[in-house]
Asker: 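The structure is given below, and queries will be raised subsequently.
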Number of protein chains: 2
Amino acid sequence: MTKRTTEDWYGCPIRYGATIFGDNWCLLILRDLMFKGAKHYADFLNAGEGISTNILASRLTTLEAEGIVEKTQDPEHGKRYIYVLTDKGLGLLPAMLEIINWAEMWDEQTEVPTEFVEELRKGRSSLVKKITSQLKSSRF
Amino acid sequence: MTKRTTEDWYGCPIRYGATIFGDNWCLLILRDLMFKGAKHYADFLNAGEGISTNILASRLTTLEAEGIVEKTQDPEHGKRYIYVLTDKGLGLLPAMLEIINWAEMWDEQTEVPTEFVEELRKGRSSLVKKITSQLKSSRF
DNA sequence: ACGAGTACTTGTTATTTGCAAGTTTTTTGG
DNA sequence: CCAAAAAACTTGCAAATAACAAGTACTCGT
């Protein structure tokens with residue numbers, strides 16, 4: 001997460017994308033949101049990646065500020081919030097899937113369920129639609 | 001660029017992908033390699049992003065170590081090196097294109113040539129092939 | 001032979017991260 | 001109804017990383 005002066009900030013899509021994608025923790029938070037059903041602060045904290053609580057808080061703040069996640073109160077529980085992907089956040093799904101595909105191809109250690117890989121390679125767009133609608137429905 | 005202990009390193013594709021994608025500067029270096037015809041150290045240094053020379057050197061080292069770029073001597077110039085994407089590096093092109101597409105959709109400031117966007121949306125795979133073959137031929 | 005070009009390295013300061021502990025509400029269990 | 005656990009943070013501090021500035025070591029063109 002590099003700070004940037006207003007000067008030469010605008011115009012480049014990759015530079016813009018790097019605001020989110022160019023950060024290790026943002027990527028892992030997005031993964032948890034997209035593929036692991038994470039909703040609460042504690043879900044991200046205990047995702048097994050060892051993120052510090054102050055870093056998590058700051059990342060959630062920037063993701064919210066960028067309009068990628070939305071924070072709402074949990075109706076079932078007063079002092080609990082639910083984090084969900086906005087439409088803009090869901091728009092990052094194709095990029096995430098491409099990273100998964102790449103890692104699966106080039107990293108020996110990577111383990112992706114074969115049915116997932118097959119579905120991904122058979123047709124990206126239908127998988128995107130499927131996951132998107134699942135996530136949208138869960139945000140009721 | 002977070003250091004990681006061997007413990008829980010393996011398995012997750014996003015965690016692996018974050019090694020590269022989860023870093024602002026790596027992303028911008030990849031952009032320059034893929035879309036700006038950057039080849040030499042100075043090309044990255046003067047790309048207008050204000051990367052420090054020590055950071056650039058360290059990133060090129062990791063990208064090389066990860067097998068994403070290859071460093072060879074420039075035949076036309078003794079003390080000059082050429083950096084080119086390996087096949088593994090080229091494999092990241094689809095993910096980069098998805099980021100471009102996303103930024104173009106959600107960031108007002110982003111400016112991508114309309115013909116590029118059209119080509120991208122008409123058919124990803126043919127654009128991937130086109131750029132890939134261009135980059136491969138230039139590495140002779 | 002000299003200055004400009006190329007790819008760095010080294011040092012020093014500023015910023016960010018990681019770790020540990022503490023705070024504030026809210027729910028749950030007896 | 002009261003105490004303890006849960007949930008989502010905040011704060012403080014040491015350690016790691018990044019940014020800035022300068023210097024080095026070859027090389028090429030003139």
Side-chain angles (χ1 to χ4, degrees), chain A residues 1-9 15 18-29 32-33 36-65 69-84, chain B residues 1-9 15 18-29 32-33 36-65 69-84:
Chain A
M1 307 268 293
T2 316
K3 265 249 172 89
R4 204 160 283 287
T5 49
T6 43
E7 281 302 320
D8 51 12
W9 170 226
R15 205 193 293 121
T19 319
I20 306 306
F21 265 70
D23 181 76
N24 185 48
W25 296 120
C26 285
L27 241 56
L28 294 172
I29 290 168
D32 294 341
L33 283 165
K36 308 225 169 185
K39 282 183 166 48
H40 305 113
Y41 193 90
D43 295 337
F44 307 109
L45 202 60
N46 306 321
E49 305 289 349
I51 188 172
S52 301
T53 174
N54 54 346
I55 302 299
L56 174 57
S58 79
R59 291 303 187 275
L60 288 173
T61 303
T62 53
L63 286 171
E64 204 189 345
V69 302
E70 214 171 26
K71 179 186 176 182
T72 50
Q73 277 210 311
D74 190 332
E76 298 171 1
H77 195 296
K79 181 70 186 288
R80 198 161 70 169
Y81 299 98
I82 293 181
Y83 294 92
V84 286
Chain B
M1 305 266 294
T2 317
K3 264 246 172 91
R4 205 160 279 289
T5 50
T6 43
E7 282 304 320
D8 51 9
W9 168 228
R15 207 193 292 122
T19 320
I20 305 307
F21 264 70
D23 180 76
N24 186 48
W25 295 121
C26 284
L27 240 56
L28 294 172
I29 291 168
D32 294 341
L33 283 164
K36 309 225 168 185
K39 283 182 167 47
H40 305 115
Y41 193 89
D43 296 337
F44 306 110
L45 202 60
N46 305 321
E49 304 289 350
I51 188 170
S52 302
T53 173
N54 54 347
I55 301 299
L56 175 57
S58 80
R59 291 302 187 277
L60 288 173
T61 304
T62 54
L63 286 171
E64 204 190 346
V69 303
E70 213 170 28
K71 180 187 178 182
T72 51
Q73 277 209 311
D74 191 333
E76 297 170 3
H77 196 296
K79 182 72 185 287
R80 198 162 70 168
Y81 299 98
I82 291 180
Y83 293 93
V84 286

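The chains referred to below are lettered A, B, ... by the order of the sequence lines, with proteins before strands, and numbering in each begins at 1.
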Asker: Measure from CZ on F44(B) to P on dT6(C) and round the result to the nearest Å.
Answerer: 14 Å
Asker: Take the protein atom CG of N24(B) and the nucleotide atom P of dT16(C), then report the distance between them rounded to whole Å.
Answerer: 13 Å
Asker: Any heavy-atom pair between the side chains of L60(B) and K71(B) that's under 4.5 Å?
Answerer: no
Asker: Hey, is the side chain of R59(A) poking within less than 4.0 Å of OP1 or OP2 on dT17(C), counting only N and O atoms?
Answerer: yes
Asker: Looking at residues at least two apart in the chain, or sitting in another chain, which of them share a salt bridge (charged side-chain N to carboxylate O under 4.0 Å, His left out) with D74(A)?
Answerer: R80(A)
Asker: Quick one: I51(B) CD1 to dA19(D) P, roughly how many Å, whole number?
Answerer: 8 Å
Asker: In whole angstroms, how far is the P atom of dT17(C) from the CG atom of D23(B)?
Answerer: 12 Å
Asker: If pairs are Watson-Crick or G-U with both distances under 3.5 Å, what is the dot-bracket string of DNA chain D, marking crossing pairs with [ ] and pairs to another strand with |?
Answerer: ||||||||||||||||||||||||||||||
Asker: With the side chain counted from C-beta on, respond yes when L28(B) and F44(B) share a heavy-atom pair under 4.5 Å apart, and no when they do not.
Answerer: no
Asker: Below 3.5 Å is the cut-off: list the nitrogen or oxygen pairs between protein and nucleotides 3-10 of chain D, distance only.
Answerer:
{"from": "dA8(D)", "atom 1": "OP1", "to": "Y81(A)", "atom 2": "N", "distance (Å)": "3.4"}
{"from": "dA8(D)", "atom 1": "OP1", "to": "Y81(A)", "atom 2": "O", "distance (Å)": "3.4"}
{"from": "dA8(D)", "atom 1": "OP2", "to": "Y41(A)", "atom 2": "N", "distance (Å)": "3.4"}
{"from": "dA8(D)", "atom 1": "OP2", "to": "A42(A)", "atom 2": "N", "distance (Å)": "3.0"}
{"from": "dC9(D)", "atom 1": "OP1", "to": "K71(A)", "atom 2": "NZ", "distance (Å)": "2.8"}
{"from": "dC9(D)", "atom 1": "OP2", "to": "Y83(A)", "atom 2": "OH", "distance (Å)": "2.2"}

Asker: Who are the side-chain contact (heavy atoms from CB on, under 4.5 Å) partners of T61(B), not counting sequence neighbours?
Answerer: none
Asker: Going by the rule side chain to side chain donor-acceptor pair (under 3.5 Å), which residues pair with H77(B) if we only count those two or more places apart in sequence or in a different chain?
Answerer: none
Asker: Within the distance-only criterion (no hydrogens, no angle test), does the side chain of D32(A) pair as donor or acceptor with the backbone N or O of I29(A) below 3.5 angstrom?
Answerer: no
Asker: Is any side-chain heavy atom of Q73(A) closer than 4.5 Å to one of I82(A)?
Answerer: no
Asker: Provide, to the nearest angstrom, the distance between the CD atom belonging to Q73(B) and the C1' atom belonging to dC28(D).
Answerer: 14 Å
Asker: Could you tell me the separation between the CD1 atom of I55(A) and the C1' atom of dT17(D), rounded to a whole number of Å?
Answerer: 12 Å
Asker: Which residues pass the side chain to side chain donor-acceptor pair (under 3.5 Å) test with T53(A), not counting sequence neighbours?
Answerer: Y41(A)
Asker: dT6(C) C1' sits how many Å from E76(B) CD, rounded?
Answerer: 14 Å
Asker: Side-chain contact, heavy-atom cut-off 4.5 Å: V84(B) with L33(B)?
Answerer: no
Asker: Calculate the interatomic distance between E49(B) atom CD and dA18(D) atom C1'; express it in whole Å.
Answerer: 16 Å
Asker: May I ask you to verify if any side-chain N or O of W25(A) is less than 4.0 angstrom from the OP1 or OP2 atom of dT16(C)?
Answerer: no
